[in-house]
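Keep in mind the model is a prediction, meaning the values are calculated, not measured. Naming: A, B, ... by sequence-line order, numbering from 1 per chain.
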There are 2 protein chains.
Amino acid sequence: MAKLRGFSYENGRNVAESTKFDDFDLRILRLLRDHGRMSLQELSERIGLSPTPVARRVRNLEAMGVITGYAALIDEAALGYPVSVFVSVKLDRQVDQALAQFEAAIQTFPEVVDCWLMTGNRDYLLRVVTDGLKGFEDFLTSRLTRLTCVSSIESSIPIRRVKSGISRQP
Amino acid sequence: MAKLRGFSYENGRNVAESTKFDDFDLRILRLLRDHGRMSLQELSERIGLSPTPVARRVRNLEAMGVITGYAALIDEAALGYPVSVFVSVKLDRQVDQALAQFEAAIQTFPEVVDCWLMTGNRDYLLRVVTDGLKGFEDFLTSRLTRLTCVSSIESSIPIRRVKSGISRQP
DNA sequence: TGTGAAAACCATCGCCC
DNA sequence: GGGCGATGGTTTTCACA
């Protein structure tokens with residue numbers, strides 16, 4: 001059984017959840033995942049534990065990096081950004097500096113909400129959020145295509161979000 | 001200037017943010033977006049307003065549906081789910097019931113964290129989170145391919161998440 | 001690890017500007 | 001709309017089992 005970064009693997013599966021987290025932890029995570037502002041007292045009532053151990057467990061989960069933060073969920077459409085576009089970006093075949101340059105630029109673009117480096121040849125998948133197709137066009141012309149490392153761009157427009165999760169349910 | 005659902009449009013842009021939300025609202029949203037558990041008192045200190053109007057504004061933003069909820073951000077890898085896969089699913093050319101059936105099934109699959117209906121022919125984009133490639137294979141064989149409405153599947157494996165946003169910054 | 005109580009902190013309300 | 005103060009609920013931090 002190989003050990004890696006404190007997690008144990010078995011049959012290619014990460015079994016951290018069975019060794020590291022008990023039922024109370026999982027129930028805390030499930031509740032906080034859906035109700036991030038739930039008080040420790042309400043948590044303790046729902047899982048049948050007194051507030052003190054609940055507070056300890058939450059602090060531990062935060063310290064272990066399982067809970068990385070808390071966020072208010074914001075309706076982008078209600079805010080004035082109703083259009084999401086998925087953009088596939090392929091970079092020029094250059095040195096790895098192109099990746100660093102591209103990624104640094106992405107971090108500064110408020111329109112880019114999510115970005116993944118994909119397997120394949122310097123392929124990125126982006127979710128770009130704007131106030132309309134005109135705004136998206138502006139993003140393409142004034143932001144993305146100005147990056148010299150960008151070789152090709154392909155856009156896919158979604159109709160509707162069917163399921164919107166923050167993370168997999170614990 | 002056309003009116004639609006309480007928002008005003010100008011030059012194809014939604015200008016709700018300039019008419020509906022002032023600077024205080026935006027600063028509240030920015031803070032809560034990054035620190036979902038921040039107390040109203042701390043919010044009020046940071047934006048230079050007393051706690052009462054801050055509480056009112058937050059309640060209004062919630063009632064208007066701009067803030068749709070709060071969530072703890074959970075590190076999927078630390079929890080035991082280190083593998084994300086993007087899956088493109090094409091449905092059989094059938095009646096619209098196929099879409100409803102597919103979407104209902106998706107909601108029940110814990111592995112599917114995110115799902116979008118794309119423009120094109122019954123195309124869905126999914127992000128599937130599992131404990132490894134074996135777990136992903138299990139998801140394909142025991143979940144996705146068992147849905148009779150699924151016509152074709154294409155998987156893309158990301159290497160790394162470059163930017164992970166919950167929503168566009170207000 | 002879990003419990004209970006005390007002190008510090010916070011949210012909320014009525015009222016006034 | 002914003003600000004002030006009082007009230008009741010929440011969190012934290014103890015000592016202790």
Checking A:Val128, A:Thr130, A:Asp131, A:Val129 against A:Val83 for side-chain contact (heavy atoms from CB on, under 4.5 Å), the one that qualifies is A:Thr130
Would you kindly give the CG-to-C1' distance between B:Leu43 and C:dA11, to the nearest whole Å?
12 Å
Below the 4.0 Å mark, does C:dG2 have OP1 or OP2 next to a side-chain nitrogen or oxygen of A:Arg57?
yes
Would you give the length of the straight line joining atom CG of A:Asp123 to atom OG of A:Ser152, rounded to the nearest 0.5 angstrom?
7.5 Å
What's the CG-P distance between A:Leu40 and C:dG2, to the nearest Å?
14 Å
Between C1' on C:dC10 and CE on B:Met38, what's the gap in Å once rounded to a whole number?
14 Å
Could you state the atom-to-atom distance from CZ of A:Arg56 to P of D:dT12 in whole Å?
13 Å
Separation of A:Arg59 atom CZ from C:dG2 atom P, in whole Å?
13 Å
Would you say B:Thr52 reaches C:dC13's phosphate, i.e. side-chain N/O to OP1/OP2 under 4.0 Å?
no
Side-chain donor-acceptor contacts of residues 36-43 of chain B below 3.5 Å, not counting sequence neighbours, with atom names and distances?
from: B:Arg37; atom 1: NH1; to: A:Gly36; atom 2: O; distance (Å): 2.8
from: B:Arg37; atom 1: NH1; to: A:Met38; atom 2: O; distance (Å): 3.2
from: B:Arg37; atom 1: NH2; to: A:Met38; atom 2: O; distance (Å): 3.1
from: B:Ser39; atom 1: OG; to: B:Glu42; atom 2: N; distance (Å): 3.1
from: B:Glu42; atom 1: OE2; to: B:Arg46; atom 2: NE; distance (Å): 3.4
from: B:Glu42; atom 1: OE2; to: B:Arg46; atom 2: NH2; distance (Å): 2.7

Distance in angstrom units between B:Leu49 CG and D:dG3 C1', rounded
9 Å
What nucleic acid atoms does A:Ser39 come within less than 4.0 Å of, heavy atoms only: base, sugar-phosphate, or nothing?
sugar-phosphate
Ionic contact status for B:Asp138 with B:Lys134, cut-off 4.0 Å:
yes
Let me know the distance between CZ of A:Arg37 and C1' of C:dT12, rounded to the nearest Å.
14 Å
Whole-Å distance, B:Arg46 CZ to C:dC10 P, equals 12 Å
